[in-house]
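A short worksheet on the structure shown next.
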Amino acid sequence: MRASALFMPTVKEDPADAEAVSHRLMIRGGFVRQFAAGIYVILPLGWRVMRRICRIIREEMDRIGAVELSMPTLHPADVWQASGRYQAIGQEMFRLKDRGGRDMVLAMTHEEVFAWLAARELRSYRDLPQIWYQIQLKFRDEPRPKGGVLRVREFLMKDSYSFDLDEAGLEASYAKHIQAYDRIFARCGLEFLRVESDSGFMGGAQAHEYMAPSAAGEDRVAVCDSCGFAANVELARSVAHFPSVSPAAARGQAEGGTTGVGPLEVSTPEQRTIAEVASFLGVRPSDLIKTLVYVVEGTAERRYVVALLRGDHELHENKLARYVRGAVRPASAEEVLAATGVEIGFLGPVGLRERGLRLVADQALDPAGPAGSRGYVAGANKPHAHLTVVVGRDFQAEVADLREAQAGEGCPQCGRPLTIRQVIEVGNIFKLGTKYSVPLGATVLDEKGQERPLVMGSYGIGPARIAAAAVEQNHDERGIIWPKAIAPFDVQLVQLQTNDEQQTRVAAWLHDTLESSGLEVLWDDRDERPGFKFADAELIGCPVRITVGKKVREGKVEMERRRGGAREEVLVEEAVERARSLWEKAE
RNA sequence: CGGGGUGUAGCGCAGCCUGGUAGCGCGCAUCGUUCGGGACGAUGAGGUCCCGGGUUCAAAUCCCGGCACCCCGACCA
């Protein structure tokens with residue numbers, strides 16, 4: 001491909017509104033342009049990267065026996081009403097009406113349509129298993145698109161759906177996807193992790209996410225280097241550290257004993273925050289209990305739930321939400337007062353049950369756990385006072401994993417220290433069960449002639465996120481260093497003097513010969529100065545660069561790898577073989 | 001949705017406080033010189049100053065309302 005014929009608008013200056021490295025470099029390198037918030041034009045270079053990624057995805061999906069098809073993105077609302085998601089999903093779904101006034105939606109995912117198709121076309125267990133996939137647009141009205149193509153409102157997704165007769169079949173389909181995904185991300189040249197993920201509070205099905213470590217990532221995972229445990233922090237349990245108890249906090253424990261008299265009150269005028277109380281009483285934050293009031297929304301359960309955490313720990317709201325099986329939000333100051341009768345700052349667990357509130361304590365506070373029946377300081381539920389309390393003696397609470405795993409805490413499997421890594425979610429796999437097949441009537445007859453709902457799985461990959469993650473993980477100050485499998489071209493052939501006939505002849509020959517050997521070549525034949533072309537080549541980041549310059553008079557060209565390595569002079573007649581071997585060695 | 005910020009030539013920005021002539025760099029066009037690390041000179045094209053309303057003799061500039069985009073947080077099938 002001649003660069004003069006390729007539309008590749010590179011820019012020298014950083015775009016003003018691009019923060020993430022991948023965003024900056026993909027704009028500057030002429031891969032994408034922003035059209036509106038979270039909506040992108042993919043330019044020819046970007047599209048070549050996308051096509052290579054999609055090709056790898058197709059090869060690996062086909063290899064596990066999946067079949068490709070294409071689903072509509074404009075859906076009548078009724079399939080979404082059937083699954084309940086028309087109501088359950090809020091503003092994230094684009095909704096519209098057709099000319100007849102019928103409710104329509106733009107597809108944000110395709111479980112419903114695939115289940116609809118399965119319901120109509122799959123009749124017998126003999127039709128199973130099936131794995132269907134597509135590479136299709138998704139529309140999500142994200143509240144805040146960000147990070148270039150990392151979080152957008154319209155994007156391409158490979159999504160596949162498996163249909164099996166039973167859990168064992170789903171297990172097999174799930175395992176096949178793990179195989180395919182491991183290969184896909186490895187072939188795309190990504191550093192990635194497969195981690196346990198939150199399957200939501202709609203059932204206990206298993207789910208994993210594929211995560212590419214990057215500072216631009218929006219998720220965090222807890223990883224154990226010793227035993228290989230890896231989970232999203234939304235899910236990860238961890239073993240807390242248990243610092244020794246401060247004398248002041250221990251006093252309540254000692255004087256009350258584990259079964260003896262109740263809590264002791266201390267005066268704490270105007271001391272509201274954990275830090276204030278700790279410093280006022282001369283104890284550590286880990287000697288305090290944090291009392292957080294949350295509102296449970298959209299369930300028949302009690303409206304408030306009180307979360308108790310050790311003072312140095314942070315609540316992970318999703319964990320609380322999953323435990324109480326409903327969305328939660330922090331109660332407002334007024335709601336806290338209404339529910340507890342106390343202002344924020346002096347809230348504590350003692351006596352709240354008697355007011356009809358549900359108390360959930362984080363595992364680290366469990367008296368049956370490593371902390372034992374130790375003393376803590378907590379609010380007294382009256383202004384300007386705190387109590388020294390013992391969990392289980394002075395109040396009772398349900399125990400659950402509520403806090404976010406922190407770096408250095410113990411791995412739940414082996415106890416060694418956990419590492420927290422920031423990651424980009426590039427794919428996920430999910431055991432759905434019968435969540436969509438039942439409402440959409442996707443059933444087959446089993447060998448006994450009994451009607452059974454299909455057991456489904458759904459599996460997603462974001463090709464643009466693979467591209468962005470690859471850039472985040474592979475770049476230097478000059479530009480992108482594409483992994484060779486997904487680079488827009490394999491070789492960038494830079495011809496320096498475009499009016500030099502000998503150079504043109506050599507470049508044309510190299511271009512044609514390399515192409516016929518199976519490598520894709522971007523021949524920079526533009527009438528630009530050398531510095532300009534070198535800068536563009538490094539910005540665009542193809543694995544191998546060949547420079548055709550004045551040395552062709554001596555029968556030589558230069559070549560080098562984009563990722564490090566020395567620049568070398570090579571005889572023209574040896575250049576094709578040498579370029580191929582450099583490309584083979586590229587990562 | 002809460003907080004912060006920005007909208008001026010294709011891109012990056014100054015001008016706004018203190019109202020009156022719309023400017024700089026890059027890019028673009030033409031010519032010349034140059035051209036192995038984002039060249040130099042000359043000439044030139046290119047503007048609803050985000051939109052609407054108000055104040056004023058006069059608004060890019062002041063006031064009111066709206067919209068768009070970015071960042072932090074919340075949210076994220």
Side-chain angles (χ1 to χ4, degrees), chain A residues 9-20 23-24 27-30 33-39 75 80 83-94 105-113 138-148 150-153 155 157 159 197-202 207 209 216-219 232 234 297 315-318 321 327-330 332 425 428 430 432 435-436 458 460 462 478-479 494-500 503 524 526-540 545 547-553 556-558 560 567 569:
Chain A
T10 55
V11 287
K12 190 155 66 169
E13 287 177 280
D14 273 336
D17 50 10
E19 195 75 10
H23 190 195
R24 257 178 35 225
I27 299 274
R28 285 193 48 208
R33 289 291 183 266
Q34 183 173 351
F35 180 59
I39 308 180
H75 302 173
W80 290 84
S83 71
R85 286 162 119 185
Y86 193 73
Q87 293 76 23
I89 296 172
Q91 294 180 303
E92 203 178 336
M93 181 151 52
F94 282 103
V105 312
L106 295 182
M108 56 190 303
T109 175
H110 281 83
E111 280 82 6
E112 280 82 354
V113 202
K138 302 284 179 278
F139 300 88
R140 298 178 190 185
D141 197 359
E142 294 285 348
R144 186 150 106 74
K146 61 188 283 196
L150 283 173
R151 174 164 295 275
V152 290
R153 297 194 292 171
F155 60 99
M157 179 190 265
D159 46 329
S197 73
D198 184 3
S199 53
F201 32 84
M202 307 294 257
E209 288 164 328
E218 299 183 274
D219 286 286
N232 195 310
E234 292 180 357
E297 294 179 305
L315 174 71
H316 197 298
E317 291 186 3
N318 291 4
V328 297
R329 63 167 175 83
S332 67
E425 181 185 348
N428 57 45
F430 201 118
L432 290 176
K435 184 177 167 189
Y436 298 94
S458 82
R478 294 169 180 269
V494 179
Q495 180 184 350
L496 294 184
Q497 282 76 35
T498 49
N499 54 3
D500 179 318
Q503 284 188 31
D524 194 345
R526 296 174 299 174
D527 183 19
E528 295 288 353
R529 295 165 62 81
F532 185 93
K533 295 191 187 187
F534 290 144
D536 264 6
E538 279 148 0
L539 184 56
I540 291 167
R545 183 176 102 198
T547 304
V548 178
K550 287 179 178 153
K551 297 211 176 83
V552 289
R553 293 196 200 119
K556 288 176 181 170
V557 295
E558 286 169 18
E560 65 188 287
R567 190 174 303 175
E569 290 185 8

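Letters go in sequence order (proteins before strands), and every chain restarts at 1. Here the structure is a predicted model, which is why all the values come from computation and not from measurement.
- Here the nucleotide nearest the side chain of A:D536, chosen from B:G38, B:C76, B:C35, is B:G38.
- Judged purely by atom type and a 3.5 angstrom limit, A:R33 uses its side chain to pair as donor or acceptor with the backbone of A:I27.
- In terms of the side chain to side chain contact (heavy atoms under 4.5 Å, CB included) criterion, residue partners of A:F139 (sequence neighbours excluded) are, by chain and number, A:T73, A:F94, A:L106, A:L137, A:E154.
- Looking at residues two or more places apart in sequence or on another chain, you find a side chain to side chain contact (heavy atoms under 4.5 Å, CB included) between A:Q497 and A:N499, A:D500, A:Q503, A:K550.
- A gap of 14 Å separates the C1' atoms of B:G27 and B:C13, to the nearest Å.
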What protein N or O atoms touch nucleotides 68-71 of chain B N or O atoms at under 3.5 angstrom, if any, and at what distances?
unit_1	atom_1	unit_2	atom_2	d
B:C69	OP1	A:A37	N	3.1
B:C69	O3'	A:Q34	NE2	3.3
B:C70	OP1	A:Q34	NE2	2.9

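- For the C1' atoms, the distance from B:C35 to B:U48 is 42 Å, rounded to whole Å.
- Taking only side-chain atoms of A:E142, from C-beta outward, the nucleotide of B:C76, B:G36, B:G38 with the closest atom is B:C76.
- In this structure, A:F532 atom CZ and B:A39 atom P are separated by 8 Å, rounded to whole Å.
- When each of A:Q91 and A:K551 is assigned the nucleotide of RNA chain B bearing its nearest heavy atom, the one mapping closer to the 5' terminus is A:Q91.
- A:E142 places no side-chain N or O within 3.5 Å of a backbone atom of A:R144 that could act as its donor or acceptor partner.
- With sequence neighbours excluded, no residue forms a side-chain hydrogen bond (donor to acceptor under 3.5 Å, both in side chains) with A:R553.
- Heavy atoms of A:Q497 sit under 4.0 angstrom from primed sugar atoms or phosphate atoms, though from no base atom.
- When only modelled atom types and interatomic distance are considered, A:H23 and A:K146 share no side-chain donor-acceptor pair under 3.5 Å.
- Here A:P143 pairs with nothing under the side chain to side chain contact (heavy atoms under 4.5 Å, CB included) rule; sequence neighbours left out.
- One finds no salt bridge joining A:E13 and A:R28 here, because no Lys/Arg side-chain nitrogen approaches an Asp/Glu carboxylate oxygen to under 4.0 Å.
- Separating the CG atom of A:L496 from the P atom of B:U34 is a distance of 18 Å, rounded to the nearest angstrom.
- The residue A:R478 sits close to a base: some heavy atom pair falls under 4.0 Å.
- Using atom C1' as the reference point in both B:A14 and B:U55, the two lie 27 Å apart (nearest Å).
- Across all strands shown, B:G32 forms a Watson-Crick or G-U wobble pair, both distances under 3.5 Å, with B:C40.
- Contact annotation: A:R529 side-chain N/O to B:G38 OP1/OP2 distance is not under 4.0 Å.
- The same atom, P, is picked in B:A74 and in B:U18; the two are 39 Å apart, to the nearest Å.
- Comparing B:A68 with B:C31, their P atoms sit 45 Å apart, to the nearest whole Å.
- A donor and an acceptor atom sit less than 3.5 Å apart, one in the side chain of A:R545 and one in the base of B:G37.
- Between the CG atom of A:D527 and the C1' atom of B:G36 there is a distance of 15 Å, given to the nearest Å.
- Nucleotide B:C69 has B:G5 as its partner under the Watson-Crick or G-U criteria, with both atom distances under 3.5 Å.
- For A:E538, the side-chain hydrogen bond (donor to acceptor under 3.5 Å, both in side chains) criterion is met by A:R478, A:R545, not counting sequence neighbours.
- A:R153 is linked by a side-chain hydrogen bond (donor to acceptor under 3.5 Å, both in side chains) to A:D141, counting only residues two or more places apart in sequence or in another chain.
- Of the possible polar contacts, none joining the A:K551 side chain to the A:E569 backbone as a donor-acceptor pair under 3.5 Å is found.
- The same atom, P, is picked in B:A58 and in B:G53; the two are 15 Å apart, to the nearest Å.
- In this structure, the CZ atom of A:F94 is 17 Å from the P atom of B:C76, given to the nearest Å.
- Rounded to a whole Å, the CG atom of A:D500 is 17 Å from the P atom of B:U34.
- With both pairing distances under 3.5 Å, B:C17 is matched to nothing as a Watson-Crick or G-U wobble pair.
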Each nucleotide of nucleotides 42-48 of chain B classed B (base within 4.0 Å of a protein heavy atom), S (only sugar-phosphate) or -, in 5' to 3' order, makes -------

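- One atom, CZ of A:R151, and another, C1' of B:C72, lie 15 Å apart when rounded to the nearest Å.
- The salt bridge (Lys or Arg N to Asp or Glu O under 4.0 Å) check on A:R526 picks up A:D524, A:D536, with sequence neighbours excluded.
- With both pairing distances under 3.5 Å, B:C76 is matched to nothing as a Watson-Crick or G-U wobble pair.
- Here B:G12 sits opposite B:C24 as a Watson-Crick or G-U wobble pair (both hydrogen-bonding atom distances under 3.5 Å).
- Not a single side chain to side chain contact (heavy atoms under 4.5 Å, CB included) links A:A535 to another residue, sequence neighbours left out.
- Between the P atoms of B:G10 and B:C50, the separation comes to 13 Å (whole Å).
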For nucleotides 24-28 of chain B, which of its nitrogen or oxygen atoms have a protein nitrogen or oxygen under 3.5 Å away, and what is each distance?
unit_1	atom_1	unit_2	atom_2	d
B:G25	N2	A:E13	OE1	3.1

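- Every residue two or more places apart in sequence or in another chain that forms a side-chain hydrogen bond (donor to acceptor under 3.5 Å, both in side chains) with A:E218 is listed here: A:R151.
- Between A:E218 atom CD and B:A74 atom P there is a gap of 11 Å when expressed in whole angstrom units.
- For the pair A:I540 CD1 and B:G38 P, the computed distance is 17 Å after rounding to whole Å.
- Of the nucleotides present, none pairs with B:U48 by Watson-Crick or G-U wobble criteria with both distances under 3.5 Å.
- Comparing the C1' positions of B:A60 and B:C16 gives a spacing of 7 Å, expressed to the nearest Å.
- A donor and an acceptor atom never sit less than 3.5 Å apart when one is taken from the side chain of A:R526 and the other from the base of B:G38.
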